[in-house]
Structure formats: C-alpha cells, structure tokens
Asker: 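Before I ask anything, here is the structure I am working with.
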Amino acid sequence: DSGVTQTPKHLITATGQRVTLRCSPRSGDLSVYWYQQSLDQGLQFLIHYYNGEERAKGNILERFSAQQFPDLHSELNLSSLELGDSALYFCASSPTLLQVLGTDTQYFGPGTRLTVL
Amino acid sequence: AQTVTQSQPEMSVQEAETVTLSCTYDTSESDYYLFWYKQPPSRQMILVIRQEAYKQQNATENRFSVNFQKAAKSFSLKISDSQLGDAAMYFCAYRSGVYNQGGKLIFGQGTELSVKP
C-alpha cells in the first residue's frame, strides 16, 4: 500500500457525460501528479499540482481539468467524455520541496478504471 | 524532448533464473533520474528501483539491480533468482532534474515479464 488513495476504483459512464476522479496523497506530500494509461497511448503525464497550484501540464485535453484543494487532495474532472477517454487514471504523490523537484520518488495510487460506453 | 524506449515487449524467464530488461533513453540534460516501476495484474504501480544520473554506482535493491550506462543512455534492469511474483509489466521511466522541467515521469512502452515455474 503506497498510502495514496483514489476513488472510485471503477467508473462506467456514457459518452458526453462528466465525471470526477478523486485522489488523496500520502500524508504530508505536497505534490500530486495525474497520469493516464491507455492501450494506444501508454502511460502519459497529464498534470502536476504543488501545494494547490498548477505546476506543469502534459498531454491533457481541454475537456479535462484538475485542481488541488487546501487539504491537498486533488480532483481530475473529465467532461464531454468520448470512447477514447476510456483508460486507467493514476494519481501519484511526492513530498517535493519545490527547490529539489526532480529528486523525489513518486508513489502511485491504485488507479481509477474509467469505461466510457 | 526526452524519450524512453523499451524494445522488448515481452520477456520470459524460468523461476530462479536471471533476466535482464532493456531500456534506452534520449536526453540532452545532465541532471536526471531513472526509475523502474512494476505493474502486476492488480495494475498498481510499484517502484522497483531508482538511479540518480550523477551517481556512477549502479543501484541495487535486493534481487534487483541496474546497469546504468550514462554515455550510452542505457538503463537495464537485472532480476536475479526470479520468482513467480516477479511476473508483471515493467516500465522504465525518466524524470528531469532540471527545476523548471517539473517532476513529470516519462515512461517507456513497458516489457511484459512472465516467469515459468
């Protein structure tokens, strides 16, 4: 158990709908990262939040957005869902003193399996 | 942009034997970190081992060790005394140590390792 929790574990929804994925980082971790794992794209970085602020964006669609709240949990919002959004979405956290950003190890949550029908 | 390549989609090893998984990467940076993550059928991403680019000594964690060849940009994982529980997908990942590059992980395509009893 990495200490990172994600809810829900599974989500089945229809095209055009909107869903919210939730992540609670390890106690004390300030950074939250979101990744998408799909068969055709592999594991891809989506977005990074540090202590409530967006730090970096990757291949994240405009239909997707995220935020990190004062208690450090994060939510990934996916809207106007398409069949191709079906994937496993991971959240990872790390302690991250910002000045030494690259040195941290990221610990992954169990993921949320999203199926869009 | 940095890239990570795993050229072996599948590998197989006999229980108790040794297997080496290959990974190459491309970067113009001198400060970076390399990781191997394991993803068993449960889909949980588990850190196996990590290597700092500035360290010449190869990292070792119990039965897992790496062969880090910085000039060749190669980072292979050796698993000794393979066990049935080692069967999983293994991902090689790169992380920049440059502050303004953020902390995102760049993953290879993965190598599916099967262990035969």
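No hydrogens, no waters, no symmetry mates; every other heavy atom, side chains included, goes into these values.
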Asker: Check step by step if salt bridge (charged side-chain N to carboxylate O under 4.0 Å, His left out) holds for B:R50 and B:E52.
Answerer: CA-CA 7 Å; B:R50 139 194 181 131; B:E52 293 83 353; 3.0 Å; yes
Asker: I'd like to know which of A:G111, A:S2, A:G109, A:G42 tops the heavy-atom pair count under 4.5 Å against chain B.
Answerer: A:G109
Asker: Are the ring centres of A:Y33 and A:F108 closer than 6.0 Å?
Answerer: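 Centroid separation for A:Y33 and A:F108: 6.0 Å or greater.
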Asker: Report yes if the distance between the aromatic ring centroids of B:F75 and B:Y25 is under 6.0 Å, otherwise no.
Answerer: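 For B:F75 and B:Y25, the ring centres are not under 6.0 Å apart.
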Asker: Name the region of B:Y37, side chain, backbone, both or neither, that has any atom closer than 4.5 Å to a heavy atom of chain A.
Answerer: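 For B:Y37, the side chain is the part near chain A, not the backbone.
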Asker: Does any backbone or side-chain atom of B:L105 lie under 4.5 Å from a heavy atom of chain A? Answer side chain, backbone, both or neither.
Answerer: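 For B:L105, backbone and side chain are both near chain A.
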Asker: Give a yes or no on whether the ring-centroid distance for B:F91 and B:F35 is below 6.0 angstrom.
Answerer: no
Asker: Could you look at A:Q37 and say if it's the side chain, the backbone, both or neither that has a heavy atom under 4.5 Å from chain B?
Answerer: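 The side chain, not the backbone.
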Asker: Name the orientation class of the two ring planes belonging to B:Y54 and B:Y33 (parallel below 30°, tilted from 30 to 60°, perpendicular beyond 60°).
Answerer: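 It falls in the perpendicular class, over 60°.
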Asker: Please classify the contact of A:L43 with chain B as side chain, backbone, both or neither, using a heavy-atom distance under 4.5 Å.
Answerer: both
